Amino acid sequence: MIKNETIETIKKRRSCRAYKPVQITDEELDTVLDAGTWAPTSMGKQSPILVSVQDKETIAELSRVNAEIFGRPGTDPFYGAPTAILVLSDADRVTCVEDGSLALGNMMNAAASIGLGSCWIHRAKETFEREEGKALLEKWGIKGNYRGIGYCILGYSAEAEKTPAPRKTDYITKIK
Ligand SMILES: Cc1cc2nc3c(=O)[nH]c(=O)nc-3n(C[C@H](O)[C@H](O)[C@H](O)COP(=O)(O)O)c2cc1C
């Protein structure tokens, strides 16, 4: 198989669930956000929007609501990450989930490529269907029919290197 830096990064990326209590740099944040904007979108409509959140109180509020939806109140589903990028997608686009998911994938791989830990955090859909979520969108001045897709949390990893699960044997079928 061909090996290059991109392929190596894709294979090396792991979900990170423990973070150092240190904020990432603006340059790192902007690099990850920019990579998200270069993901392909159906018909090139660029249906997702990316909202980076670094305010501790806002992350705590998002985490509180997320834990409640998860049925685990009092836990921190954001794992203490200092940055969370919320991906919302235009709900009027039939491919809003696919478009937003690719932005998340790009951002997680970009994060890995510059030495940041990252993880997809779920339950954004339910969060922004709730009054608390809608109030945040209003506060941020985000208007429109958006669906929550997920969060890419970011920070410096406080985890030891992990061994990934082996890939299942029937992942690939080749028809020649
Ligand atoms: C759609 C989706 C939702 C996920 N939601 C969460 C989540 O809420 N919390 C979490 O810790 N990990 C979440 N993950 C991360 C997966 O658990 C993780 O990717 C998987 O265990 C494989 O591990 P790896 O990313 O290290 O290869 C999610 C991943 C995807 C693709």
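Just follow the structure's listing: the first ligand is 1, and inside any ligand the first atom is 1. Bear in mind that the values here come from a model prediction, so they are computed numbers and not experimental data.
When hydrophobic clusters are built by joining Ile, Leu, Val, Met, Phe, Trp and Tyr residues whose side-chain heavy atoms come closer than 4.5 Å, directly or via intermediates, Leu136 is grouped together with Val53.
For ligand 1, the atoms closer than 4.0 angstrom to any heavy atom of Ile121 are 7 (C), 8 (O), 9 (N). The Tyr79 neighbourhood of ligand 1 comprises atoms 9 (N), 10 (C), 11 (O), with distances under 4.0 Å to a heavy atom of that residue. Less than 4.0 angstrom separates some heavy atom of His122 from each of these atoms of ligand 1: 3 (C), 5 (N), 7 (C), 8 (O). Listed by atom number, the atoms of ligand 1 under 4.0 Å from Cys119 heavy atoms are 10 (C), 11 (O), 12 (N). For ligand 1, the atoms sitting less than 4.0 Å from at least one non-hydrogen atom of Arg123 are 8 (O), numbered in the order shown with element in parentheses.
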Between Met107 and Leu50, does a side-chain contact (heavy atoms from CB on, under 4.5 Å) hold up when you go through it step by step? CA-CA 10 Å; Met107 292 195 289; Leu50 316 176; 4.1 Å; yes
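Environment of NZ in Lys134: crowded, with over 12 heavy atoms of neighbouring residues, nucleotides or ligands closer than 6.0 Å.
Inside a 4.0 Å radius of atom 22 (C) of ligand 1 there is not any protein heavy atom. Atom 15 (C) of ligand 1 is flagged as protein-proximal [any protein heavy atom, distance under 4.0 Å].
Looking from atom 18 (C) of ligand 1 to the surrounding protein, the closest heavy atom is Ser15 OG, 3.4 Å.
Using a 4.0 Å heavy-atom cutoff, Pro164 is absent from the residues neighbouring ligand 1.
Proximity annotation for atom 3 (C) of ligand 1: of Tyr151, Phe70, Trp120, Phe78, Trp120 comes nearest, heavy atoms only. The closest heavy-atom contact to atom 27 (O) of ligand 1, among the options Arg14, Lys162, Arg17, comes from Arg14.
Taking a cutoff of 4.0 Å between a charged side-chain nitrogen and a carboxylate oxygen, Arg64 and Glu132 qualify as a salt bridge. A salt bridge is absent between Arg130 and Glu126: the closest approach of a Lys/Arg side-chain nitrogen to an acidic carboxylate oxygen does not fall below 4.0 angstrom.
Glu98 and Thr95 share no donor-acceptor pair across their side chains, judged by distance under 3.5 Å alone. Using a 3.5 Å distance cut-off with no hydrogens or angles, the side chains of Ser89 and Asp99 do not pair a donor with an acceptor.
Taking the six-membered ring for Trp, Phe128 and Tyr146 have ring centres at least 6.0 Å apart.
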